[in-house]
Amino acid sequence: MKPKIIPLRMMGDDRGSLVAVETHQDLPFELQRVYYIFGTKEGVERGFHAHKNLQQVAVAVRGSCTMVLDNGVEKVEVQLNNPTQGLYIGTMLWHFMKNFTEDCVLLVFADQHYIESDYIRNYSDFLELLSDTPKQ
Ligand code: T46
């Protein structure tokens, strides 16, 4: 599995850096929600779910963490440590985050509002649903 990294447009000048993120131009979907994770305690791992329909792009705008993606067949670890690179997290991908630095701010763009019923929080259910999902 090859993780999909989305380069974000950096508009820096001698005052500093600026990255702009727009629906369709940078994100492969229409933006509906933004959230960010910060202040994660040392050693904490979070996530451990897949989404039935939600698509997301995650960017470590400060600090770093590791995103583990698992498509039910293979796992890949992606280091998020660059505010000009987004990681696309598609549907039906089990994922969790670890190795947060103390200063990590993980910004996530999402194509849907928060819907708890979109989460698959049990790994066996995830594998079962995957086997029912037609291959793309
Ligand atoms: C994901 C990974 C990368 C809301 O009320 N609204 C929201 O938009 C979000 C994202 C969360 N919440 C509530 C639900 C929980 O009571 O905030 C609490 C913490 O959320 P959760 O335990 O799901 O956080 P993570 O870090 O395990 O997962 C989050 C996202 O929820 C998830 O969609 O893909 O980050």
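When a residue number appears, it is its place in the shown sequence, counting from 1.
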Exercise. Rounded to the nearest 0.5 Å, what separation is found between the CE atom of Met1 and the NZ atom of Lys75?
Worked result: 10.0 Å

Exercise. What's the spacing between Met97 CE and Arg46 CZ if we round to 0.5 Å?
Worked result: 6.0 Å

For this session: Please report the closest heavy-atom contact between Ser64 and Asn81, naming both atoms and the distance.
Result: CB-CB, 3.6 Å

Problem set entry | Pairing residues for Tyr119 by the ring-ring contact (aromatic ring centres under 6.0 Å, His included) criterion, not counting sequence neighbours | His49, His51, Tyr114

Problem set entry | Exceeds 12 heavy-atom contacts within 6.0 angstrom, atom CD of Glu22 | yes

Exercise. If you round to the nearest 0.5 Å, how far is CD of Gln55 from CG of Leu93?
Worked result: 11.5 Å

Exercise. For the hydrophobic clusters of this structure (ILVMFWY residues joined by side-chain heavy atoms under 4.5 Å, transitively), does one cluster hold both Leu18 and Leu107?
Worked result: no

Exercise. Would you say Glu45 has more than 12 foreign heavy atoms packed within less than 6.0 Å of its CD?
Worked result: yes

For this session: Measure the spacing between CE of Met10 and OG of Ser17 and express it to the nearest 0.5 Å.
Result: 3.5 Å

Exercise. Would you say the side chain of Leu80 lies within less than 4.5 Å of the side chain of Leu87, judging by non-hydrogen atoms?
Worked result: yes

Problem set entry | Side-chain touch Asp111/Gln56, heavy atoms, less than 4.5 angstrom | no

For this session: Please name the pair of heavy atoms, one in Leu130 and one in Gly72, separated by the smallest distance, quoted to 0.1 Å.
Result: CD1-CA, 3.8 Å

For this session: State plainly whether one hydrophobic cluster holds both Val44 and Val78, where clusters connect Ile, Leu, Val, Met, Phe, Trp and Tyr through side-chain heavy atoms under 4.5 angstrom apart.
Result: no

For this session: Would you indicate whether Tyr36, at its atom OH, is surrounded by more than 12 heavy atoms from other residues, nucleotides or ligands within a distance under 6.0 Å?
Result: no

Problem set entry | Lys/Arg-Asp/Glu bridge criterion (N-O < 4.0 Å) met for Lys41, Glu102 | no

Problem set entry | Spacing of Lys52 atom NZ and Ile115 atom CD1 [to the nearest 0.5 Å] | 10.0 Å

For this session: Please say whether more than 12 non-hydrogen atoms of neighbouring residues, nucleotides or ligands are located less than 6.0 Å from OH in Tyr35.
Result: yes

Exercise. Considering residues at least two apart in sequence or located in another chain, which fulfil the ring-ring contact (aromatic ring centres under 6.0 Å, His included) criterion with Phe126?
Worked result: Trp94, Tyr123

Seminar exercise, completed: Interatomic distance, CD1@Ile6 vs OG1@Thr84, rounded to 0.5 Å, equals 12.5 Å

